[in-house]
Protein chains: 2
Amino acid sequence: MSYTYQYPRPAFAVDCVVFGLDEEHLKVLLIERDREPFAGCWALPGGFVEIDEAIDDAARRELAEETGVENVFLEQLYTFGAVDRDPRDRVVSVAYYALVNLLDHQLHAASDARQAAWFSVKRLPRLAFDHREILNLAQQRLRGVVRYRPIGFELLPRKFTLRQLQHLYETILDRKLDKRNFRKKILGMQLLEELGECESGVAHRAARLYRFDRRNYNQLVNKGFNFEL
Amino acid sequence: MSYTYQYPRPAFAVDCVVFGLDEEHLKVLLIERDREPFAGCWALPGGFVEIDEAIDDAARRELAEETGVENVFLEQLYTFGAVDRDPRDRVVSVAYYALVNLLDHQLHAASDARQAAWFSVKRLPRLAFDHREILNLAQQRLRGVVRYRPIGFELLPRKFTLRQLQHLYETILDRKLDKRNFRKKILGMQLLEELGECESGVAHRAARLYRFDRRNYNQLVNKGFNFEL
DNA sequence: CCAAAAGTGTTTCACGTACACCCATGC
DNA sequence: GCATGGGTGTACGTGAAACACTTTTGG
């Protein structure tokens, strides 16, 4: 089966930069490619868009197929279309970034990925194609976006402590924050619902658990509220 | 001549949302389509990307071909890829937004445009395809971006008065600003070079002319400065 | 001389920032 | 009992916001 057009067309792909957070680092989900070009090289999960498939859907599908990750926060990042970014053919790729809670997802490599694994953004292997450039832009976007939209929560479990939340911002923004000022500010926004529970299994005083109150956030936005770290 | 591929491929286009500013309104540059679909309908300038052409280059080329507008500030906005956004065929379009000084550009409709004209964003005709959606997103992006990047200047002549600059922000952000506070803040940033000249031909006291000091802005950024309105 | 916009300072208030100690828990 | 992080309040300074009058120019 083949398809013929009057003018040549680029191939059309998606790539996903999936961020996760552990106790130490900001991490990104990579796959080891099973095919040429760059077979054996680490790369962003992604692949070609089907002809009857919206781009966002393609990003979610490829992510699920190659890594097992599903139902996550996903937004378009940028479209990369340098003529020579793929050695085989002209390939235009719409890059997405996703935020997930690391522990929620069992990784299942499949499709044309040999394996899928988390890498610290500070210790990355060599990446295929222009994926390093895509990743850099995604990290930059993430830094910009967490400061004025409450999406950092996507990286945490549904119930989390203020310590975890502060650690999240410190990791992404790459600077220390003052504990008292952070708590004052974030609690003052009325976006966190205190659950009346505490964490357990820690070798120190257990911290209170909170969750992001999306309903109240939406109401506040309607009244003109702007989240800002 | 024709081109054959193993899998079907979307057609691949660009569209440009070109903003300009006059004494009254924020305006956008539209073309009247000469061909089906939507012949006779107003639309964003744009067209198909050549196979050996970077996407940005395609946006600039189409803009020049269809409207005569060249050498402008142009950035990628978003990629639109709904399956049914074009009735003929699957077409993915990378949208760009551009900022120009209205008076610098003589409009020359050509290529597949019958005419090109400026429309106030508050009084728009019906637009082809999903161009209204693209335009809305562009306007939203513009509002977001002028507040923390000094790109508003792209909409003004090289020499401008503080009045014009304030009017620009009031128009884009759609709210009144306090004259004294605005002047204090913008002059305090040391981004404007006073030219020692005044405007002429006005029926009131002539205002001083300034220009944006890009060199100094770049230096300040290197020292950690962040523009913020 | 009238209309129209240019240009200019001060006060007030909110918010960001800096900073240190006691408390609860697990081991 | 000790190590580890949890949790809390205040003082200071900067910057945003509110606000009105005089000056200049063209017609």
Side-chain angles (χ1 to χ4, degrees), chain A residues 21-24 146-148 150 156-157 159-171 173-211 220 223-229, chain B residues 21-24 146-148 150 156-157 159-171 173-211 220 223-229:
Chain A
L21 192 71
D22 67 11
E23 300 301 316
E24 291 302 315
V146 292
R147 285 179 50 188
Y148 64 93
L156 296 179
K159 303 176 181 185
F160 52 84
T161 67
L162 291 179
R163 172 81 190 148
Q164 286 176 294
L165 188 61
Q166 182 178 344
H167 173 68
L168 182 161
Y169 283 107
E170 288 180 337
T171 304
L173 302 176
D174 202 23
R175 64 183 157 102
K176 288 296 270 180
L177 300 175
D178 179 86
K179 182 164 63 162
R180 277 174 291 192
N181 293 337
F182 179 78
R183 296 164 90 94
K184 198 190 317 174
K185 180 148 194 181
I186 207 86
L187 290 175
M189 290 184 195
Q190 313 263 303
L191 296 181
L192 298 188
E193 183 181 353
E194 192 182 328
L195 294 171
E197 306 170 49
C198 290
E199 62 183 342
S200 59
V202 289
H204 55 77
R205 178 173 174 181
R208 293 177 196 156
L209 289 171
Y210 296 83
R211 74 174 166 210
L220 289 169
K223 292 178 196 160
F225 169 78
N226 274 308
F227 178 88
E228 195 178 330
L229 168 84
Chain B
L21 191 72
D22 67 11
E23 300 302 316
E24 292 302 315
V146 292
R147 284 177 50 187
Y148 63 93
L156 296 178
K159 303 175 180 185
F160 53 83
T161 67
L162 290 180
R163 172 79 190 148
Q164 287 176 294
L165 188 61
Q166 183 178 343
H167 173 68
L168 181 162
Y169 283 107
E170 289 180 339
T171 304
L173 302 177
D174 203 23
R175 65 185 155 103
K176 289 296 271 180
L177 300 174
D178 179 85
K179 181 163 63 160
R180 279 173 290 192
N181 292 335
F182 179 79
R183 296 163 91 93
K184 199 189 316 173
K185 178 149 193 182
I186 206 87
L187 290 174
M189 290 185 196
Q190 312 266 305
L191 296 180
L192 298 188
E193 184 180 354
E194 192 183 328
L195 293 170
E197 305 170 51
C198 289
E199 63 182 342
S200 60
V202 289
H204 53 79
R205 177 174 174 179
R208 295 177 194 155
L209 290 170
Y210 296 83
R211 74 173 166 210
L220 289 169
K223 292 178 195 159
F225 169 78
N226 274 308
F227 179 88
E228 196 179 328
L229 169 87

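To find a chain, count down the sequence lines: A is the first, B the second, and so on, and within it residues start at 1.
Between the P atom of dG5(D) and the CZ atom of Phe160(A) lies a distance of 20 Å, rounded to the nearest Å. In this structure, Leu165(B) places its CG atom 17 Å from P of dA5(C), rounding to the nearest Å. Atom CG of Asn226(B) is separated from atom P of dT14(D) by 19 Å (rounded to the nearest Å). Following rounding to the nearest Å, Leu162(A) (CG) and dG6(D) (P) show an atom-to-atom distance of 9 Å. Following rounding to the nearest Å, His204(B) (NE2) and dG7(C) (C1') show an atom-to-atom distance of 13 Å. With rounding to whole Å, His167(A) atom NE2 is found 14 Å from dG5(D) atom C1'. Between the P atom of dA17(D) and the NZ atom of Lys185(B) lies a distance of 7 Å, rounded to the nearest Å. Between Asn181(B) atom CG and dT14(D) atom C1' the separation is 15 Å, expressed in whole Å.
In this structure, of dG27(D), dG7(D), dG7(C), it is dG27(D) that holds the atom nearest to the side chain of Ala203(B).
Looking at which nucleotide of DNA chain C each of Gln164(B) and Ala206(A) is closest to, the 5′-most match is held by Gln164(B). Nucleotides of DNA chain C nearest to Arg180(B) and Arg180(A) differ in position, and the one nearer the 5' end is that of Arg180(B).
Side-chain N or O atoms of Glu194(B) include none that pairs as donor or acceptor with a backbone N or O of Arg208(B) at under 3.5 Å. Between the side chain of Gln164(A) and the backbone N or O of Thr161(A) there is at least one donor-acceptor pair closer than 3.5 Å. No donor-acceptor pair under 3.5 Å is formed between the side chain of Glu193(A) and the backbone N or O of Arg211(A).
With hydrogens and angles ignored, no donor-acceptor pair under 3.5 angstrom links the side chain of Arg205(A) to the base of dA3(D). With hydrogens and angles ignored, no donor-acceptor pair under 3.5 angstrom links the side chain of Asp178(B) to the base of dA16(D).
Residue Lys179(A) is in base contact, counting any heavy-atom pair closer than 4.0 Å across all strands shown. Backbone-only contact: Arg208(B) has heavy atoms under 4.0 Å from sugar-phosphate atoms and none from a base. Within 4.0 Å of Arg163(A), counting heavy atoms only, lie sugar-phosphate atoms of the nucleic acid but no base atom.
We find the OH-CZ distance between Tyr148(A) and Phe227(A) to be 12.0 Å, quoted to the nearest 0.5 Å.
Across Met189(B) and Glu228(B), no two heavy atoms sit closer than the pair CE-O, 3.1 Å.
Note on Arg183(B): every side-chain N or O is 4.0 Å or more away from OP1 and OP2 of dT8(C).
Side-chain contact between Leu191(B) and Phe225(B) is present, with at least one heavy-atom pair separated by less than 4.5 Å. You'll find the side chain of Arg175(A) reaches within 4.5 Å of the side chain of Leu177(A), heavy atoms only.
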key: Watson-Crick and G-U pairing of DNA chain C, under 3.5 Å, as dot-bracket with | and [ ]   = |||||||||||||||||||||||||||

